[in-house]
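In what follows, residues are counted from 1 in the order of the sequence shown. Values reported hereafter were calculated over all heavy atoms of this structure, with side chains retained and with hydrogens, waters and symmetry mates removed.
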Amino acid sequence: MRVGEDGERTRAALAAAAFRAGDLIGGIDAPGRATDRLSWTLAETAAHMVVGLRAFGDSLRGDMDGWNANLTDLPEFHLRLAAMTASTLAAVPEREPAALARLLREAAGGFLRASEGLPADHLVATPWYGDGASLRLDAATALLLGEQLIHGRDLAVSLRRPWPISRAEALLVVPAAATMMPRAVRPEATRDLDLTFAFHLRGGTGFAMRVLHGAALREPLGQRRADCHISFDPLAFLLVGYGRMSPWAAVARGGALAYGRRPWLAFRFKKLFHNP
């Protein structure tokens, strides 16, 4: 399957997001300041943005030696990913803003060059998600776009600077978020459940997520009767999914509308998944 029009748009959006994130990072005047709502400094957040791009780029090149030492044998997705995230910050020791801006743009360019010409369904090894885990290239590219947009927003909020995310950009990230949700399900919170949520993305297509006895499965809309329908503005969907906005706030601000047989479940669904 060749990279289609959406794939090319996602690649272009990733390049653009990394470029403007570089501008933002290069203008940080106090790299040791805390990032809003995160446990990292501004410089550490920027370094984390570099790490993700480098890791996926190296995976595509088959050069994982530098990352394997950071892998753990923890079986739980969120613990394994958190451990990897924490340990790999040392892989980018630079904390000077101008240097981090340069490294970010280099890492984005490296990923885009490594993935150029590969089919959308090319599997990218992602051992930080689990032993033998992989992600389709189109989902990986969209996921990296989401990382740049969301963490760029984290930095911008902390710096009191604008960071617009367009509906078109947010819609490009939604498929990756939907792909990651089954991995991020909380087994202990969903063990006794059998629920189907239908997510409708304004201006784009939607998907359904069935939560069943400790697992979650993405399904096409309409495959089964949904317990709760949620109409989401795409940006609100990302902010809720990444834990930057509560479902209550999304509804109150007009970014989400719940309906169907059990609309109150809209305020519960986020508790069924770990933040990515």
Side-chain angles (χ1 to χ4, degrees), residues 5-25 35-38 45-46 48-49 52-53 104 108 138-184 197-209 218 221 228-259 263 265-276:
E5 191 172 327
D6 281 353
E8 292 301 333
R9 281 199 295 264
T10 306
R11 289 174 58 82
L14 174 58
F19 186 85
R20 66 184 179 110
D23 281 346
L24 185 67
I25 292 165
T35 304
D36 188 64
R37 302 183 67 167
L38 297 179
T45 301
H48 171 72
M49 295 165 72
L53 290 162
L104 183 79
D138 53 0
T141 307
L143 184 66
L144 289 173
L145 172 60
E147 287 283 300
Q148 296 300 303
L149 294 175
I150 294 298
H151 287 311
R153 181 181 181 274
D154 292 333
L155 293 173
V157 168
S158 303
L159 294 167
R160 306 296 186 264
R161 296 179 188 172
W163 183 260
I165 299 175
S166 70
R167 172 174 286 188
E169 287 174 316
L171 281 171
L172 291 172
V173 182
V174 167
T179 297
M180 297 303 294
M181 285 176 72
R183 301 174 191 253
F197 294 89
F199 298 99
H200 306 268
L201 281 301
R202 300 169 191 171
T205 58
F207 64 97
M209 189 66 59
R218 179 183 176 182
L221 280 174
C228 177
H229 293 261
I230 311 176
S231 170
F232 261 116
D233 174 81
L235 178 55
F237 175 79
L238 293 188
L239 294 179
V240 171
Y242 277 90
R244 271 46 172 198
M245 178 187 289
S246 73
W248 290 96
V251 170
R253 298 175 188 176
L257 174 67
Y259 59 97
L265 290 174
F267 302 105
R268 184 181 177 189
F269 93 89
K270 189 60 183 75
K271 298 178 181 178
L272 307 180
F273 300 89
H274 293 285
N275 287 332

Once rounded to the nearest 0.5 Å, what's the spacing between atom [atom1] of [X] and atom [atom2] of [Y]?
X    : Y    : atom1 : atom2 : result
I25  : H151 : CD1   : NE2   : 11.0 Å
I230 : M209 : CD1   : CE    : 11.5 Å
I165 : Q148 : CD1   : CD    : 11.0 Å
L221 : T205 : CG    : OG1   : 8.0 Å
M181 : L272 : CE    : CG    : 8.5 Å
R218 : T179 : CZ    : OG1   : 5.0 Å

- Note on the structure: By ring pair (Phe, Tyr, Trp, His ring centres under 6.0 Å), H274 pairs with (sequence neighbours left out) H78
Which heavy atom of [X] sits nearest a heavy atom of [Y], and at what distance?
X    : Y    : value
D36  : S158 : N-OG, 2.6 Å
L143 : A176 : N-CB, 3.5 Å
A170 : L235 : CB-N, 3.7 Å
L145 : A17  : CD1-CB, 3.9 Å
A21  : M49  : CB-CE, 3.9 Å
P263 : A258 : O-CB, 3.5 Å

- Message: F232 vs V240, test: side-chain contact (heavy atoms from CB on, under 4.5 Å). Steps then yes/no.
- Response: CA-CA 10 Å; F232 261 116; V240 171; 4.2 Å; yes
- Query: With distance as the sole criterion, is a donor-acceptor pair present between the side chains of T45 and T35 under 3.5 Å?
  - Reply: yes
side-chain contact (heavy atoms from CB on, under 4.5 Å) with [X]: which residues, sequence neighbours excluded?
X    : answer
A249 : M245, S246, R253
N275 : K270
L257 : R202, S231
A108 : A18, L53

Heavy-atom side-chain contact between [X] and [Y] under 4.5 Å:
X    : Y    : result
P164 : R20  : yes
W163 : V157 : no
L239 : I150 : yes
V173 : L149 : yes

[X] vs [Y] aromatic rings, parallel, tilted or perpendicular, using cut-offs 30° and 60°?
X    : Y    : answer
H229 : H200 : parallel
F267 : W248 : parallel
F197 : F269 : tilted

- Could you give all pairs that pass the salt bridge (charged side-chain N to carboxylate O under 4.0 Å, His left out) test and reach residues 140-158, with sequence neighbours left out? D154-R244
